[in-house]
Amino acid sequence: MSTLIVIPARFASTRYPGKPLVELKGATGEAKSLIKRSWEAAMMVQGVDKVVVATDDDRIREAAEAFGAEVVMTSESCQNGTERCAEAFDKLGGGYDVVVNLQGDAPLTPHWFVEELIKGLKASPVAEVATPVLRTEGEALNGFLEDRRAGRVGGTTAVFGIDYNALYFSKEVIPYTGKTYSDNEETPVFHHVGVYAYRPSALAAYPRWAAGPLEKLEGLEQLRFLERGVHVLCVEVEGRGRQFWELNNPEDVPRIEAMLKKMGAA
């Protein structure tokens, strides 16, 4: 089964304009743009046939082409990364069995997250979409709670059934737990990792559906699938000692740079 990775990136982010071109310093002190680090993460994934950056902005196109990425230009009307992936897939002429949306704000995504995700979707007889979830330890959960107390949107959390079919995703911390956890203690809260794998039929249908009330309230694109009754498979992945965080706010830059240094990433 052939696989395409699309990295959607837009300049006009509501919360953080120009985010894809923000530079992040690694362990050596070298600064690389967010979109370059995300592309490098995608290129590490095994068993993928093509990786492209999908954008509507010439500044991002120029930056991506300068470091060797293939770019597909998409329209400014795309409301989210899934819509941008759908347009890019269509412009490429289809022809792939699985399309992966590796969002351009997740440079810390380990390659095995995406490899396990693709494997999970291919193995499921009912899932039309799959997404990774990572069980949090106390340090990450406390970071989520700190962000919410400060009025910031941090990570997204996921809850799912015993069959791992998604029940809900939220920017609030769910499920509720009143317990205080130490930094290295496992918690019952799962961090939703911002990567998706779609079957082409589900991806093609998505832009034709209007956003539902839950998607509008939470600002989470994957809720459009749940509101339409689409099976979204949550694939549990292992951190293997790696920390994971998405760049959502300017305050996340030093947090991600510290993680890059800890990992020894250039």
Side-chain angles (χ1 to χ4, degrees), residues 15-16 80-81 101 103 105-110 112-114 116-117 120-121 124 127 129-197 212-227 229-260 262-263:
R15 283 183 283 163
Y16 197 169
N80 55 46
N101 171 354
Q103 299 189 79
D105 58 6
L108 298 175
T109 306
W112 63 86
F113 280 20
V114 187
E116 288 298 312
L117 175 66
L121 181 62
S124 173
V129 180
T131 193
V133 293
L134 178 66
R135 185 184 291 275
T136 62
E137 293 185 342
E139 183 179 8
L141 175 57
N142 293 333
F144 291 165
L145 295 172
E146 180 185 341
D147 280 340
R148 297 309 296 129
R149 285 191 292 267
R152 296 190 297 266
V153 175
T156 296
T157 56
V159 290
F160 45 86
I162 58 173
D163 56 1
Y164 280 81
N165 279 330
L167 298 174
Y168 198 62
F169 299 90
S170 182
K171 290 178 179 175
E172 291 292 348
V173 180
I174 57 173
Y176 167 77
T177 171
K179 181 180 175 181
T180 300
Y181 297 88
S182 61
D183 281 355
N184 297 319
E185 187 178 1
E186 281 194 346
T187 84
V189 176
F190 282 83
H191 185 181
H192 172 239
V193 180
V195 185
Y196 304 94
L214 296 177
E215 180 187 352
K216 291 177 181 177
L217 284 168
E218 293 268 11
L220 295 175
E221 64 201 90
Q222 67 269 37
L223 292 176
R224 193 180 309 184
F225 288 117
L226 291 187
E227 291 185 89
V230 173
H231 286 279
V232 178
L233 177 70
C234 289
V235 177
E236 185 174 356
V237 293
E238 295 182 356
R240 302 183 192 175
R242 281 269 295 272
Q243 291 178 291
F244 175 82
W245 203 269
E246 296 166 358
L247 202 161
N248 294 302
N249 309 286
E251 294 86 352
D252 292 323
V253 170
R255 186 179 282 172
I256 290 177
E257 287 183 331
M259 292 178 181
L260 288 168
K262 186 176 180 180
M263 290 163 48

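Every value quoted in this text rests on a predicted model; they were computed, and no experiment measured them.
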Atom CG in Leu134, atom CD in Glu238: separation rounded to 0.5 Å? 9.5 Å
Identify the heavy atoms of Ala158 and Val133 that sit nearest to each other, and give their distance. CB-CG1, 3.8 Å
Would you check, one step at a time, whether the test side-chain contact (heavy atoms from CB on, under 4.5 Å) holds for Val129 with Val230? CA-CA 8 Å; Val129 180; Val230 173; 4.2 Å; yes
Do Glu236 and Tyr164 come close enough that some side-chain heavy atom pair is under 4.5 Å? yes
Derivation of the side-chain contact (heavy atoms from CB on, under 4.5 Å) call for Phe113 and Val195: CA-CA 9 Å; Phe113 280 20; Val195 185; 5.9 Å; no
Do you know which two heavy atoms are closest between Pro107 and Ile256, and how far apart they sit? CG-CG2, 4.4 Å
Do Leu108 and Leu260 have side chains that get closer than 4.5 Å, going by heavy atoms? yes
Beyond-backbone contact of Glu221 with Asn101, side-chain heavy atoms, under 4.5 angstrom: yes
How close do Val189 and Ile174 get, heavy atom to heavy atom, and via which atoms? CG1-O, 3.7 Å
Does any N or O in the side chain of Gln103 come within less than 3.5 Å of the main-chain N or O of Gly194, such that one atom is a donor and the other an acceptor? yes
When rounded to the nearest 0.5 angstrom, what distance separates CZ in Arg255 from CD in Glu246? 12.0 Å
Donor-acceptor check, side chain of Glu227 to backbone of Leu214, threshold 3.5 angstrom: yes or no? yes
When rounded to the nearest 0.5 Å, the distance separating OG of Ser124 from CG of Asp163 is 9.0 Å
Rounded to the nearest 0.5 Å, what separates atom CD in Glu146 from atom CG in Leu141? 11.5 Å
Answer yes or no: is there a side-chain heavy-atom contact under 4.5 Å between Tyr181 and Pro188? yes
Measure the CG-CG distance between Asp147 and Asp252 for me, rounded to the nearest 0.5 Å. 6.5 Å
I want to check something: taking the side chain as every heavy atom from C-beta on, are Leu117 and Val237 in contact at a cut-off of under 4.5 Å? no
Sub-3.5 Å donor-acceptor pair from the side chain of Gln222 to the main-chain atoms of Phe169, do we have one? no
Mark yes or no for whether Glu218, through its side chain, and Lys171, through its backbone, hold a donor-acceptor pair below 3.5 Å. yes
Nearest 0.5 Å, what's the NE2-OG1 distance between His191 and Thr156? 6.5 Å
Could you walk me through whether Glu215 and Asn80 pass the side-chain contact (heavy atoms from CB on, under 4.5 Å) check? CA-CA 11 Å; Glu215 180 187 352; Asn80 55 46; 3.5 Å; yes
Residue pair Asn142, Asp183: steps toward the side-chain contact (heavy atoms from CB on, under 4.5 Å) verdict: CA-CA 8 Å; Asn142 293 333; Asp183 281 355; 4.1 Å; yes
Do the non-hydrogen side-chain atoms of Thr131 and Val193 ever get within less than 4.5 Å of each other? no
Ignoring hydrogens and angles, tell me if any N or O in the side chain of Thr136 forms a donor-acceptor pair with the backbone of Thr187 under 3.5 Å. no
For residues Phe160 and Ala166, report the shortest heavy-atom separation together with the two atoms involved. CB-CA, 4.0 Å
Nearest heavy-atom pair of Ala127 and Leu233: which atoms, and what distance? CB-CB, 3.7 Å
